[in-house]
Amino acid sequence: SFNKGDHGSLLGNTSYYVNPKANKKLNDLAPLPKIIPDTDYIFDKYSPIFNGDTIINKDMSFTATYLYNKKVIEITPNNPNKPNDNYVRISFNATNMGHFEDNTTLKSYYVLKNITFKEAKDNGLLIPKAYYNDDTKSFDSYSPSLLNDNDSVFDCDYIATYTDNIKKVEPKDPSKPFNPEDTNDSNTPDITKGYKRLIFKSGIGGLLNGKDEVLVYDVKEDLTWAYINTKKLIPNIVSFKYFIFTNWDKNFPSDNTVLKDLSDNIFTALYQELPKSSKPSVDPIADTDKIITGKGSPLSEIEITFEDNTTITTKTDDKGNYQVKLDKPLKKDTKVIIIQKEDHKKPSDPTLTTVIHKNIKTLPNTGSNTTTTTNIMAYMMMIITTILLSLLLSFTNKQTSFKNK
């Protein structure tokens, strides 16, 4: 007789009566029953061993035995043991630096020998994605590399490796020009596979973080712009004197924008250049003057520079007038430069004047902001008065002399 055993069934005749004196062998029993294993099982052998040349001379009974034949079995605490020697073990290890989506660090499978890696994946072998324990790195790959689809499986432990989410890109040769926006620039390293390159340029008017003209980063392309903001990757702008940073040349993407979807990855700072202060005026300076006067914008700074590079600074009043006292008069032909500095403006163009010798056209500077014409008129009035007084005195003297006579 033939018994189906566990994990299968028999189809056809399962019992025979045989004359023990007929010298019949087990192979003479025909047809033998068809063995139909249950799902995930294969027939292994009969127990006891079925030998077709055995002479049937007594009662005999054979029971079918089976082997578990599921192609992929996940190893769990409830199912830790290898079913039989027809399996290999494949494990994925996130290491203590990472974890899988379910917060475990190890996933293992028993996989039937001699099937391909594709068959294993098609029958339940799941390749888990590992996650680094913080947001500075991302899963890169497994070591050793995964099998190709047509490769046969074998015992293997795959260890997760991680890579930095952000890689700062430096020129190959710091002493040479660095033009990362030029894809043909030989001094720029190639973009790392799986990364998006971001380029920040200072533009004309300032520096990035106070020191750089350009900053270049390769960032994992599956991250979003929110990660850029979280890591404060957008540089601060330190404007040069007389420049004001206004904005970037384009709007930054929204937080949920995936980096690999960016169409433009170059961002340049823009500035407003401050206007110049108005040019100040200065009254003529004579070689007898101890005061320099002039006019500028109200409440602005006036800087006066002399030939020996000494400088005097003063402020204009609310009407724009200024004056500076000198320790002693300047020599004839001395050059004097006057510059005005107004708030939120660049310094003015210089006003250049030359010290002149005192003559009829020039009076000593009294400190008042009068014009040259006014000075000349006052001087002529003084001369006329002197002449009149001289004439009057002469007339008086002559009249006295006449009376005496």
Side-chain angles (χ1 to χ4, degrees), residues 39-41 67-169 189-198 217-233 255-261:
T39 302
D40 295 330
Y41 287 85
L67 291 175
Y68 194 57
N69 196 52
K70 188 176 182 180
K71 292 184 177 180
V72 178
I73 306 167
E74 184 175 1
I75 301 174
T76 65
N78 296 327
N79 189 25
N81 299 320
K82 182 190 293 188
N84 53 65
D85 290 336
N86 286 334
Y87 285 84
V88 297
R89 179 186 174 113
I90 296 178
S91 297
F92 299 93
N93 190 343
T95 76
N96 59 0
M97 295 184 294
H99 59 275
F100 297 124
E101 193 168 5
D102 59 0
N103 288 322
T104 61
T105 59
L106 184 66
K107 287 194 177 296
S108 300
Y109 298 88
Y110 289 125
V111 182
L112 197 63
K113 289 180 179 178
N114 300 321
I115 68 170
T116 66
F117 196 53
K118 184 179 187 306
E119 285 182 273
K121 292 188 290 183
D122 290 344
N123 286 274
L125 177 67
L126 300 178
I127 302 173
K129 182 178 179 181
Y131 298 88
Y132 198 69
N133 288 334
D134 62 40
D135 65 354
T136 61
K137 296 178 182 288
S138 292
F139 171 70
D140 182 28
S141 61
Y142 282 107
S143 178
S145 299
L146 298 176
L147 295 175
N148 296 320
D149 280 351
N150 294 327
D151 292 337
S152 296
V153 296
F154 54 85
D155 286 316
C156 191
D157 291 324
Y158 292 105
I159 308 299
T161 61
Y162 304 90
T163 185
D164 291 331
N165 285 335
I166 301 173
K167 296 182 179 181
K168 187 175 181 181
V169 180
D190 293 334
I191 299 175
T192 309
K193 184 179 179 181
Y195 283 73
K196 184 71 175 183
R197 179 155 292 179
L198 300 179
Y217 301 97
D218 283 349
V219 187
K220 291 283 283 187
E221 64 179 8
D222 56 349
L223 296 170
T224 65
W225 194 262
Y227 184 79
I228 304 300
N229 290 328
T230 300
K231 292 302 175 183
K232 299 180 179 179
L233 209 59
D255 279 356
N256 59 357
T257 300
V258 180
L259 297 184
K260 66 181 177 182
D261 296 332

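Both backbone and side-chain heavy atoms feed into the values below; hydrogens, waters and symmetry mates do not. Counting begins at 1 with the first residue of the sequence.
Formation of a donor-acceptor pair under 3.5 Å by the Thr161 side chain with backbone atoms of Ser141 is found in this model. Side-chain N or O atoms of Asn148 include none that pairs as donor or acceptor with a backbone N or O of Asn150 at under 3.5 Å. Remark: the backbone N or O of Ser138 is paired with a side-chain donor or acceptor of Asn165 at under 3.5 angstrom. Remark: the backbone N or O of Thr104 is paired with a side-chain donor or acceptor of Asp102 at under 3.5 angstrom. When atom types are taken as modelled, the side chain of Asn86 and the backbone of Leu112 share no donor-acceptor pair closer than 3.5 angstrom. Between the Asn84 side chain and the Tyr68 main chain, a donor and an acceptor come within less than 3.5 Å of each other.
Between Asp140 and Tyr162 there is no side-chain heavy-atom pair separated by less than 4.5 Å. Side chains of Thr95 and Ile159 form a contact here, defined as non-hydrogen atoms less than 4.5 Å apart. Between Thr136 and Asp164 the shortest side-chain heavy-atom distance does not fall below 4.5 Å. Side-chain contact between Lys167 and Thr192: present, with at least one pair of heavy atoms (C-beta onward) separated by less than 4.5 Å. Asp222 places none of its side-chain heavy atoms less than 4.5 Å from the side chain of Lys260. By the 4.5 Å heavy-atom criterion applied to side chains, Ser91 and Cys156 are not counted as neighbours. In this structure the side chain of Arg197 never reaches within 4.5 angstrom of the side chain of Tyr217, judged on heavy atoms. When side chains are defined from C-beta on, Asp40 does not count as touching Asn69, because their heavy atoms never get closer than 4.5 Å.
No hydrogens or angles considered: nothing links the side chains of Thr163 and Tyr132 as a donor-acceptor pair under 3.5 Å. Side-chain contact, Asn78 with Thr76: no donor N or O sits under 3.5 Å from an acceptor N or O. With 3.5 Å as the limit, one finds no donor-acceptor pair spanning the side chains of Asp135 and Tyr227.
Minimum interatomic distance between Asp85 and Lys113 (heavy atoms only, all atoms of both residues): O-NZ, 2.8 Å. In terms of heavy-atom proximity, Val72 sits nearest to Tyr109 at CG1-CD2, 3.7 Å. Taking all atoms of both residues into account, the shortest heavy-atom contact from Leu147 to Ser152 is CD1-O, 3.7 Å.
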Legend entry - Stepwise side chain to side chain contact (heavy atoms under 4.5 Å, CB included) check, Val153 with Val111: CA-CA 8 Å; Val153 296; Val111 182; 3.8 Å; yes
Inset, instruction - Take Arg89 and Asp155, measure what salt bridge (Lys or Arg N to Asp or Glu O under 4.0 Å) needs, and give me the verdict at the end. - result: CA-CA 5 Å; Arg89 179 186 174 113; Asp155 286 316; over 6 Å; no
Inset, instruction - For Ile166 and Lys231, run side chain to side chain contact (heavy atoms under 4.5 Å, CB included): C-alpha distance rounded to whole Å, both residues' side-chain angles, the deciding distance at 0.1 Å, then the answer. - result: CA-CA 9 Å; Ile166 301 173; Lys231 292 302 175 183; 4.0 Å; yes
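Under the salt bridge (Lys or Arg N to Asp or Glu O under 4.0 Å) criterion, Asp255 pairs with no residue at all, not counting sequence neighbours.
More than 12 heavy atoms of other shown residues, nucleotides or ligands fall within 6.0 angstrom of atom CG in Asp134.
Applying the ring-ring contact (aromatic ring centres under 6.0 Å, His included) test to every pair with at least one member in residues 74-98, sequence neighbours left out, gives these pairs: Phe92-Tyr142, Phe92-Tyr158.
Rounding to the nearest 0.5 angstrom, the gap separating the CG atom in Asn114 from the NZ atom in Lys71 is 11.5 Å. Atom CG in Leu233 sits 5.0 Å away from atom CD1 in Ile228 (nearest 0.5 Å). Considering NZ of Lys107 and CD1 of Ile90, their distance stands at 15.0 Å, rounded to 0.5 Å. Note: Trp225 CH2 to Lys196 NZ = 10.5 Å, rounded to the nearest 0.5 Å. Once rounded to the nearest 0.5 Å, the distance linking OG of Ser108 with CG of Asp157 reads 7.0 Å. Expressed to the nearest 0.5 Å, how far CG of Asn81 lies from CD1 of Ile73 amounts to 10.5 Å.
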Could you go through residues 121-131 and list every donor-acceptor pair under 3.5 Å that involves a side-chain atom there, pairing it with any protein atom two or more places apart or in another chain?
| from | atom 1 | to | atom 2 | distance (Å) |
| --- | --- | --- | --- | --- |
| Lys121 | NZ | Asp149 | OD1 | 2.7 |
| Asp122 | OD2 | Lys118 | NZ | 2.8 |
| Asn123 | ND2 | Glu119 | O | 2.7 |

